[in-house]
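Numbered from 1 within each chain, the chains take letters A, B, ... in sequence-line order. Quick caveat, the model's predicted, so the values are computed rather than measured.
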There are 2 protein chains.
Amino acid sequence: MRAHNLALVLQTVANSTNQPSRAAVSAATGLTRATVSALVDDLVSGGLLVEVDPPPRTGAGRPAVGLTLTSTGPAGLGLEINVDYLAACVVDLTGAVRQRFVEHADQRPADPAQALAALGALAARARLAAEADGLIVAGAALAVPGLVAGRGLVRVAPNLGWQDIDAVAELHRVPELADLPVTVDNEANLAALGELRVTGGDPTFLYISGEIGIGAGLVLDGELYRGVRGWSGEIGHVTVYPDGRPCRCGSRGCLEQYAGQEALESGEPLAAAALGIALSAVVNLLDVPVIVLGGAYAPIFERLREGIEAELRQRVLTSGLAPVALRPAALGADAAMRGAADAIIRAVREDPAGWLRRSSQRYV
Amino acid sequence: MRAHNLALVLQTVANSTNQPSRAAVSAATGLTRATVSALVDDLVSGGLLVEVDPPPRTGAGRPAVGLTLTSTGPAGLGLEINVDYLAACVVDLTGAVRQRFVEHADQRPADPAQALAALGALAARARLAAEADGLIVAGAALAVPGLVAGRGLVRVAPNLGWQDIDAVAELHRVPELADLPVTVDNEANLAALGELRVTGGDPTFLYISGEIGIGAGLVLDGELYRGVRGWSGEIGHVTVYPDGRPCRCGSRGCLEQYAGQEALESGEPLAAAALGIALSAVVNLLDVPVIVLGGAYAPIFERLREGIEAELRQRVLTSGLAPVALRPAALGADAAMRGAADAIIRAVREDPAGWLRRSSQRYV
DNA sequence: GCCAAATAATTCAACCACTAAACAATTTCG
DNA sequence: CGAAATTGTTTAGTGGTTGAATTATTTGGC
């Protein structure tokens, strides 16, 4: 119960645009001022919240003490490995990017261990720089363009040529990362989480990421839906033309053949229509009100828009009752890496009690 | 916290196959025997649980007192209106059907008010019969073949010819139902809930219901996903052949044109393939491991099976890693009505504290 | 310039719900 | 018949929340 209320208070402060006082938090949560005071004290002494001195003055009365998330506490290490680059960043509890390293290089010739060692080196640099800056890296998340099974095993990453790679074990070989909890997730899933953070408004949307392959991250009611085995979002292999072009997955007429990066670069005329058909299926099935186009789609959003919307208008049963909103991604190429870092700090935000417990143990 | 634990105890008893003792519940939930005792006493005196005398003897020790859900407490009234029948049933807390009334008649000529008045009469009979039997009808849920907006407004039910009908208001005109909380939901959604109850095992599946139209109910992690506006599951209008037959929804190549009841009756050769294509999209997007075929599909399941599975094998990216299970629905034509009644008792089960509060007020 | 009103935060007693441990009840087994 | 086992209750203690009173610090009227 205390754990729940700690999270409630922390989220309230986090989601508030200004720097709320204890009294404001009390009003927003429905908890008593006394309770909020006690909880806030714990969060402050545990290094998750800080009191800020100059609160905005308003009317009579004792001045309020503003509260805000710390920028020197726990942080998340976001990692991404993709076909043509490696990237690492550190995001603090407020969501600010504190470190950012990107290394452009084709990863396909390298074998997985080499690639992950290079990424590990980048990650180690980011971690050390962040910790020199007063941050405590709470964990790392890695975004990969492929299917991930539980416990950080990459089952297949077709465009990297990977198969059954234990990415966590490889990263843990780097001495500076050996003690760090690492999770692995699909690139589109994490990018969707990143987008959720910056959009704020819409808790339910589909993020679709056009890279060499096409992935999607589905956020329902503010939560990423990963599927039972973590293999949701494979929109690239949704059939749009049943008897269409053969796909390297063994099927025919997959969306990827018409709207993947290779098709786009060769000026495929059906790209927007194919996207529209696949997205209509998503909306008909899930009643998703917002679709965010990311990856390679974001820069050419305006060129795709009309073609997609035409299909949605025609093919979505409820398009007459309420239109589907189409938006370019707010984060650019950093989305997955940002989302990965965000996943770590999200975990701290959702379970501050766990963090306090662990961080008190650190000093015993 | 008490509310949460009351629900926990009640669910534990409900999900248990035998009639567990307080000690068994304590072991299953992790709560202390003392706590469980206190909670169980509340549930017994509130009329949700009953103690059963003859517990199965085993070994030494004081004999246990078995616990089981009451069969004389709260009950759910499930209603269904469809093209060619009206139906009402009452299900008690244990999930047993206690009353069942079905009236076959084509509803299309009747105007909505007439049809709902007839259904209301059926519902009133079911309620009175149930209450004569010692049950307390806690609420009613109505399954309709159409799109429902919040607060019981049926936006469109194409096959009934309905548009913007306030079904709750119409039912409340029946004097015997005037005091009853009534909700309205899509037929496939409620059928999926009904299926969830009887399957028990799989908490994540897609239920697909082949009637005149084709609807789907999506159950994720044991919860029905209704979509932001409650319009999820419109799989009948997912595009399978982009340039295919025109559909009355204004689009082309909708699944309904190839696998709707009318197509099935005319021996459509593409039915199974079309279903397979649409279902592949669902699995690729959501990683759903189980698909349940209901409505008109259930009796012809074996005829459809191979055709659907062939498409799934070809078109689902992860079909090589883990196959998708295909099953006929366990409940027959009663699924939606059963699911509707179930939705009511599900609410009681999930918030027993609320029920206890309300039922204590009833006697003040 | 001072006091009243207003607002923020803390302190303190009471209470609720859970836990742990002792205890009572009732059986089986040697 | 008594020891062991098992269920269920009682009792004392604890963590966490509430509500009321208290303290702290400002504005504004006179």
Strictly under 3.5 Å: I want the nitrogen or oxygen pairs between protein and nucleotides 16-18 of chain D, one per line.
{"from": "dT17(D)", "atom 1": "OP1", "to": "N5(A)", "atom 2": "ND2", "distance (Å)": "2.7"}
{"from": "dT17(D)", "atom 1": "OP2", "to": "R2(A)", "atom 2": "NH1", "distance (Å)": "3.3"}
{"from": "dT18(D)", "atom 1": "OP2", "to": "T32(A)", "atom 2": "N", "distance (Å)": "3.3"}
{"from": "dT18(D)", "atom 1": "OP2", "to": "T32(A)", "atom 2": "OG1", "distance (Å)": "2.9"}
{"from": "dT18(D)", "atom 1": "OP2", "to": "T35(A)", "atom 2": "OG1", "distance (Å)": "2.6"}
{"from": "dT18(D)", "atom 1": "O5'", "to": "T32(A)", "atom 2": "OG1", "distance (Å)": "3.1"}

Quiz item: Will you find, in the side chains of S16(B) and N18(B), an N or O donor that is under 3.5 Å from an N or O acceptor?
Solution: yes

Exercise. Decide, yes or no, whether a salt bridge links R349(B) with D342(B) under the criterion of side-chain N to carboxylate O below 4.0 Å.
Key: no

Exercise. Report yes if a donor N or O on one partner sits less than 3.5 Å from an acceptor N or O on the other, where the partners are the side chain of R62(B) and the base of dT7(D); otherwise report no.
Key: yes

Quiz prompt | Which nucleotide in dT28(C), dA9(C), dG8(D) has an atom nearest any side-chain atom of A60(B) | solution = dT28(C)

Practice problem: Begin from the C-alpha positions of R98(A) and E131(A) and carry the test salt bridge (charged side-chain N to carboxylate O under 4.0 Å, His left out) through to its verdict. | Solution: CA-CA 10 Å; R98(A) 300 288 290 272; E131(A) 300 199 331; over 6 Å; no

Quiz item: Quick one: R33(A) CZ to dT22(D) P, roughly how many Å, whole number?
Solution: 15 Å

Quiz prompt | R346(B) bridged to D351(B) by N-O distance under 4.0 Å | solution = no

Quiz item: Would you say R22(B) reaches dT9(D)'s phosphate, i.e. side-chain N/O to OP1/OP2 under 4.0 Å?
Solution: yes

Which atom pairs, one a donor and one an acceptor, fall under 3.5 Å between side chains of residues 3-14 of chain A and the rest of the protein, sequence neighbours left out?
{"from": "T12(A)", "atom 1": "OG1", "to": "L8(A)", "atom 2": "O", "distance (Å)": "2.6"}

Quiz prompt | Note: R226(B)-D287(A) ion pair, threshold 4.0 Å (strictly below) | solution = no

Quiz item: Is the shortest side-chain N/O distance from S21(B) to OP1 or OP2 of dG8(D) below 4.0 Å?
Solution: yes

Quiz prompt | Whole-Å gap separating C1' (dT9(D)) and CD (E51(B)) | solution = 13 Å

Quiz item: Over how many whole Å does the gap from D53(B) atom CG to dT26(C) atom C1' extend?
Solution: 14 Å

